[in-house]
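Below is one structure, written out as structure tokens; the observations come after it.
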Amino acid sequence: MKKVVSVSLGSSKRDHQVEIELLGEMISIKRIGTDGDIDKAIAMIKELDGHVDAFGMGGIDLYIYAGNKRYTLKDAVKIANAAKKTPIVDGSGLKNTLERKVIKYLHNTGLIDFKGSKVLMVSAVDRFGMAETVVALGSEATFGDLIFGLGIPIPLKSLDTLEKVASIIVPVISRLPFKLLYPTGAKQDVRITKFERYYLAADIIAGDFHFIKKHLPQRLEGKIIITNTVTQDDLKILSAAGVKTLITTTPDLNGRSFGTNVMEGVLVSLADKSVDKLTVTDYEALIDKLALRPRILDLQAMTTAN
């Protein structure tokens, strides 16, 4: 049996484990939260190194992107370097492939018409593939990287502006402690609603769920959310807020969706190449072979049924 372990800086309350069969292989998938403790994450990776087939690095990105530029986060490098034998991935490979395919799939099947839709991406530098795709499909996009990442109420309205701002700010913030930039551990359960006007003005809210949840207004009637990892408790929160549709870019595995880092770890464990040799084409081929599809939930219909 193949083993994939995601060591996350997120809350241990979100831990989950499943065993599934993919392409004739049994795979054990486990997510372990360290409640924001980087040293604990490093120690855990060192302990499991060489005993699992792939690591996912959760709750933190090794790389963030804007245009053709890739930036590396200092704290993430410390974690990644703890793995000497087992490949470790942060999900960026899937964000640049699967998430592009998911947005195109939603549009081409008529499930969502992005043309003219007002899309709020809470953070685009960690999901630049999704950002490029919603823009290419004609959406009216707002990028909230300054708003939700730094608390600066300045919406970015174009990819060019995003790239210019990222080229100035990211080299600086990439060297800051990650806990200053992103909710980890218990901070993932704290909600701040002072920027709710940006949510209310959008038809679709997209991006990292912890950013979405941290700033989630009390009411979001009729909105569509496109995100990644959600638990059953998260579904209840979104449903109670009146969210109409939830779409997760990764599939449902025994009642919840795992993060892109986990699913990328699964693909790496199934690939016949080392992770440093995997290309976009390789990822896309594996995605097609596994027939990965987004999970689409009508939350209000579920509420009525219950």
Side-chain angles (χ1 to χ4, degrees), residues 57 59-77 80 90-104 107 114-184 192 194-212 214-215 225-228 249 260-261 279-280 283:
M57 183 166 57
I60 187 170
D61 294 309
L62 180 57
Y63 304 116
I64 54 178
Y65 296 81
N68 295 321
K69 293 184 179 180
R70 186 177 77 174
Y71 303 92
T72 305
L73 298 185
K74 181 181 177 181
D75 276 350
V77 173
D90 70 339
S92 57
L94 276 196
K95 290 175 185 176
N96 200 36
T97 51
L98 176 64
E99 293 193 341
R100 289 180 187 270
K101 291 172 75 71
V102 165
I103 298 300
K104 291 176 183 177
H107 186 78
F114 283 94
K115 187 174 179 61
S117 294
K118 296 179 180 179
V119 178
L120 170 65
M121 285 202 63
V122 289
S123 174
V125 292
D126 70 324
R127 281 183 152 74
F128 199 74
M130 182 184 288
E132 282 191 319
T133 309
V134 298
V135 169
L137 293 175
S139 71
E140 184 182 326
T142 297
F143 306 120
D145 298 67
L146 292 178
I147 303 167
F148 305 110
L150 298 177
I152 301 171
I154 299 178
L156 306 177
K157 292 292 188 176
S158 73
L159 292 173
D160 284 344
T161 303
L162 174 67
E163 289 182 46
K164 290 174 183 176
V165 170
S167 69
I168 297 169
I169 294 179
V170 174
V172 177
I173 66 172
S174 64
R175 304 193 66 79
L176 295 174
F178 189 67
K179 64 183 178 181
L180 298 179
L181 308 174
Y182 183 81
T184 59
I192 302 170
K194 65 179 179 179
F195 297 126
E196 67 176 15
R197 63 186 181 278
Y198 298 107
Y199 280 69
L200 298 178
D203 304 310
I204 301 165
I205 297 103
D208 180 272
F209 185 71
H210 292 305
F211 270 136
I212 291 175
K214 181 178 179 179
H215 300 276
I225 288 182
I226 304 175
T227 188
N228 51 334
T249 57
T260 49
N261 76 91
T279 65
V280 168
Y283 278 113

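Only a predicted model underlies this, so the values are computations on that prediction, with no experimental measurement involved.
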Can you check whether [X] reaches [Y] side chain to side chain, under 4.5 Å on heavy atoms?
X	Y	result
E196	H215	no
L159	F143	yes
K118	T142	no
S158	L156	no
L98	Y283	no
F128	E163	yes
D203	V119	no
I147	I154	no

Could you report the tightest heavy-atom contact between [X] and [Y], atom names first, then the distance?
X	Y	answer
F114	H107	N-ND1, 3.2 Å
F195	G151	CZ-O, 3.8 Å
G207	M130	N-SD, 4.4 Å
A124	L162	CB-CD2, 3.6 Å
A141	V135	CB-CG2, 4.1 Å
L120	A202	CB-CB, 3.8 Å

Can you tell me how far [atom2] of [Y] sits from [atom1] of [X], rounded to the nearest 0.5 angstrom?
X	Y	atom1	atom2	result
L62	N261	CG	CG	11.5 Å
I204	S139	CD1	OG	7.5 Å
T249	L94	OG1	CG	8.0 Å
D208	T260	CG	OG1	8.5 Å
D126	I60	CG	CD1	12.0 Å

| request: Please assess V125 against S123 for the test side-chain contact (heavy atoms from CB on, under 4.5 Å), listing each intermediate value before the final yes or no. | output: CA-CA 6 Å; V125 292; S123 174; 4.0 Å; yes
| said: Is it the case that the side chain of T161 and the backbone of K157 share a donor-acceptor pair, with hydrogens and angles ignored and the cut-off at 3.5 Å? | reply: no
| field | Short side-chain to backbone donor-acceptor contact, N228 and F209, under 3.5 Å | value | yes
| Under the side-chain contact (heavy atoms from CB on, under 4.5 Å) criterion, do L146 and I169 qualify, and how do the steps go? | CA-CA 10 Å; L146 292 178; I169 294 179; 3.5 Å; yes
| message | The test is side chain to side chain donor-acceptor pair (under 3.5 Å); show your working for D90 and S92 and say whether it passes. | response | CA-CA 6 Å; D90 70 339; S92 57; 2.8 Å; yes
| task | Compute the centroid of each ring, for Y199 and then for F148, and state whether the two points are separated by less than 6.0 Å. | result | yes
| note | Taken in chain and number order and not counting sequence neighbours, the residues that satisfy side-chain hydrogen bond (donor to acceptor under 3.5 Å, both in side chains) with T72 are none
| said: Per the salt bridge (Lys or Arg N to Asp or Glu O under 4.0 Å) rule, what does the pair list look like for residues 135-152, sequence neighbours excluded? | reply: none
| task | Scan for salt bridge (Lys or Arg N to Asp or Glu O under 4.0 Å) pairs involving residues 91-101, sequence neighbours excluded, and state none if there are none. | result | D61-K95, E99-R127, R100-E132, K101-D288
| said: side-chain contact (heavy atoms from CB on, under 4.5 Å) for I226 and I103? Distances and angles first, verdict last. | reply: CA-CA 9 Å; I226 304 175; I103 298 300; 4.2 Å; yes
